[in-house]
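For reference, the structure discussed in these notes is given below.
Scope of the values below: all heavy atoms of this structure, side chains included, with no hydrogens, waters or symmetry mates. Remember, predicted model here, so these are calculated numbers, not experimental data. Numbers for residues simply follow the sequence, beginning at 1. Counting convention: from 1, in listed order, for ligands and their atoms alike.
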Amino acid sequence: MTKLLIIGSGGREHAIGIALKQSDKNPTLYFAPGNAGTALLGTNIAINAADINGLLSFAKENNIDMTIVGPEDPLVMGIVDTFQKENLTIFGPNKLAAQLEGSKKWAKQLMKNYNIPTANYHAFTDYEKAKDYIKANNQYPIVIKADGLAAGKGVTIATSQNEANNAIEECLLNKKFNDAGTEIIIEDFLEGDEASIFAFTDSKVMLPMLAAQDHKAIGDGDTGPNTGGMGAYCPTPLVTPEMYKKVTETIFEPLLQAFQKEGITYKGIVYAGLMISKTGDISIVEFNVRFGDPETQVVLPLLKTDLLTIFEAIEAETLANISLEWSTESAVCVVLASGGYPNAYQKGKPISGLTQEKENTAIIHAGTKQDNGNIVTSGGRVLGVVSKASQLDSAITQAYETTTNISFENMIYRTDIGQKAKRYQ
Ligand code: AMP
Ligand code: GLY
């Protein structure tokens, strides 16, 4: 019996668990720490995703065959190196490779050296020099980013010199992001629409997945502050077949060669965050070293190839023998969040409507937990309602039908997930 440990507690980890559970190998799943949804698929273990020693002990004591890392923090901290030293099988890039997400400066330098299209940038540790650059450059908007991991909050799009100076001050002088903001990147603003494409890689080949589109802003019509993602759909017509080919040739292939030339073994997922301009130019906004959330919730349900077989091929470096098979349907995910998110919000609200059984619709858990036999909210993004259908419009209708039957106090969600697709058709 194959035993798998999935690290993380979001919608992404629940979606990965569902895909792995469908494997012919019928694996036994453990989640650390998991959520109320993952508890229905396997066993939740009360070990935090950042507790590398705790996770290592659990994997050893329970003869885990493969550990799968969901979020970026443990990867950037070097969980893969720690497990590999102990001869344990773990899915994800090692510490050196995870710098692709862990240091924006490192990633930008790599992109520049290997001609991977991205916005021009400058890196600073000195406050005065950064301020002088902003003044001399005098172009707005301008983008200021903390170099390290900042839980998605390290990016400021400044529309004036004043805003830019404030962002620089917060990072470099006030240490808002602690060590993650000791260095900053100032980069040109890219105009366009965003898409996410993930690829599997075993360090020898890259296999890109279908293109998805996230909805980052909290409000309908992309208004209000950015969140971790309020919904997604897949595939997105924003990425035409020609563009998809271009992404493979000008982004994934050069990135693979860059790693090979630098002597870095990158195994796992590469997440390309793309900006596509009106004229069809493609630039990298960021690379991540893991599946994205909520995009994973709409990409994996369309993958027909056995996910565990893919993970095993990556471990064995035989990914070249696999070709990915995809459903021709569309998938949509509507995120249900706690009122107040992405700022302060309340937790512990009982959730109703979770037991609806519908073909082609799944309720994916994120910030949920069991509390005295009830399922209650425990995070900003609480649930993802995911529907599949042959047409995107039908998938959207289905997802909202289920959404309107779920409720908890102060529940919020966007009502326009997937509508952007119409602009690209
Ligand atoms: P990142 O953490 O680098 O993905 O940035 C978070 C979000 O900020 C991205 O998904 C974009 O919406 C936006 N963003 C980041 N960099 C840029 C840029 N150079 N131009 C325009 N928008 C950007
Ligand atoms: N959906 C954005 C992310 O996972 O980073």
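- The single protein non-hydrogen atom nearest to atom 13 (C) of ligand 1 is Ile157 CD1, 3.9 Å, given as residue, atom name and distance.
- Glu286 OE1, 3.4 Å is the protein heavy atom nearest to atom 1 (P) of ligand 1.
- The protein atom (non-hydrogen) at minimum distance from atom 7 (C) of ligand 1 is Asn226 ND2, 4.2 Å.
- Nearest protein neighbour of atom 6 (C) of ligand 1, counting heavy atoms only, is Val155 CG2, 4.0 Å.
- No salt bridge links Lys104 with Glu187; every basic N to acidic carboxylate O contact stays at or beyond 4.0 Å.
- In this structure, the protein non-hydrogen atom closest to atom 12 (O) of ligand 1 is Glu194 OE2, 2.5 Å.
- Comparing Lys145, Glu101, Glu187 against atom 19 (N) of ligand 1, the shortest heavy-atom distance belongs to Glu187.
- Using the six-membered ring where Trp is involved, Phe124 and His122 have ring planes that are tilted, between 30° and 60° apart.
- Between Asp188 and Gln139, every side-chain heavy-atom pair lies at or beyond the 4.5 Å cut-off.
- Residues Tyr30 and Ile6 have side chains not in contact (no heavy-atom distance under 4.5 Å, counting atoms from C-beta outward).
- Salt-bridge annotation for Lys246 and Glu242: absent, with no side-chain N of the basic residue lying under 4.0 Å from a carboxylate O of the acidic one.
- Contacts between Leu190 and ligand 1 below 4.0 angstrom, taking non-hydrogen atoms only, involve backbone and side chain alike.
- Under 4.0 Å is where a charged nitrogen must lie from a carboxylate oxygen, and between Arg414 and Asp416 at least one such pair does.
- Close contacts of ligand 1 with Lys216, meaning ligand atoms under 4.0 Å from a residue heavy atom, involve 10 (O).
- Centroid-to-centroid, the aromatic rings of Tyr271 and Phe287 stay 6.0 Å apart or farther.
- Against a heavy-atom cut-off of under 4.0 Å, Met275 is close to the following atoms of ligand 1: 21 (C), 22 (N).
- Contact check on Lys278 versus Asp193 returns no salt bridge, with no Lys/Arg side-chain nitrogen under 4.0 Å from an Asp/Glu carboxylate oxygen.
- Protein heavy atom closest to atom 14 (N) of ligand 1, with residue, atom name and distance, is Val285 CG1, 3.9 Å.
- Ligand 1 is never approached by Glu191 to a heavy-atom distance shorter than 4.0 Å.
- Residue contacts with ligand 1 include Asp188, since one or more of its heavy atoms lies under 4.0 Å from the ligand.
- In this structure, Phe189 has its ring center at least 6.0 angstrom away from the ring center of Tyr140.
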Kindly indicate, with the supporting measurements, whether the criterion ring-ring contact (aromatic ring centres under 6.0 Å, His included) is fulfilled by Phe198 and Phe291.
-> CA-CA 7 Å; Phe198 311 147; Phe291 280 113; 5.8 Å; yes
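- The aromatic rings of His14 and His365 lie perpendicular to each other, with more than 60° between the two planes, well past the 30° mark.
- Side-chain contact check for Gln398 versus Lys388: every heavy-atom pair is 4.5 Å or farther apart.
- Using a heavy-atom distance under 4.0 Å as the criterion, the protein contacts of ligand 2 are Asp214, Gly228, Tyr271, Asn288, Arg290, Gly292, Asp293, Pro294, Glu295.
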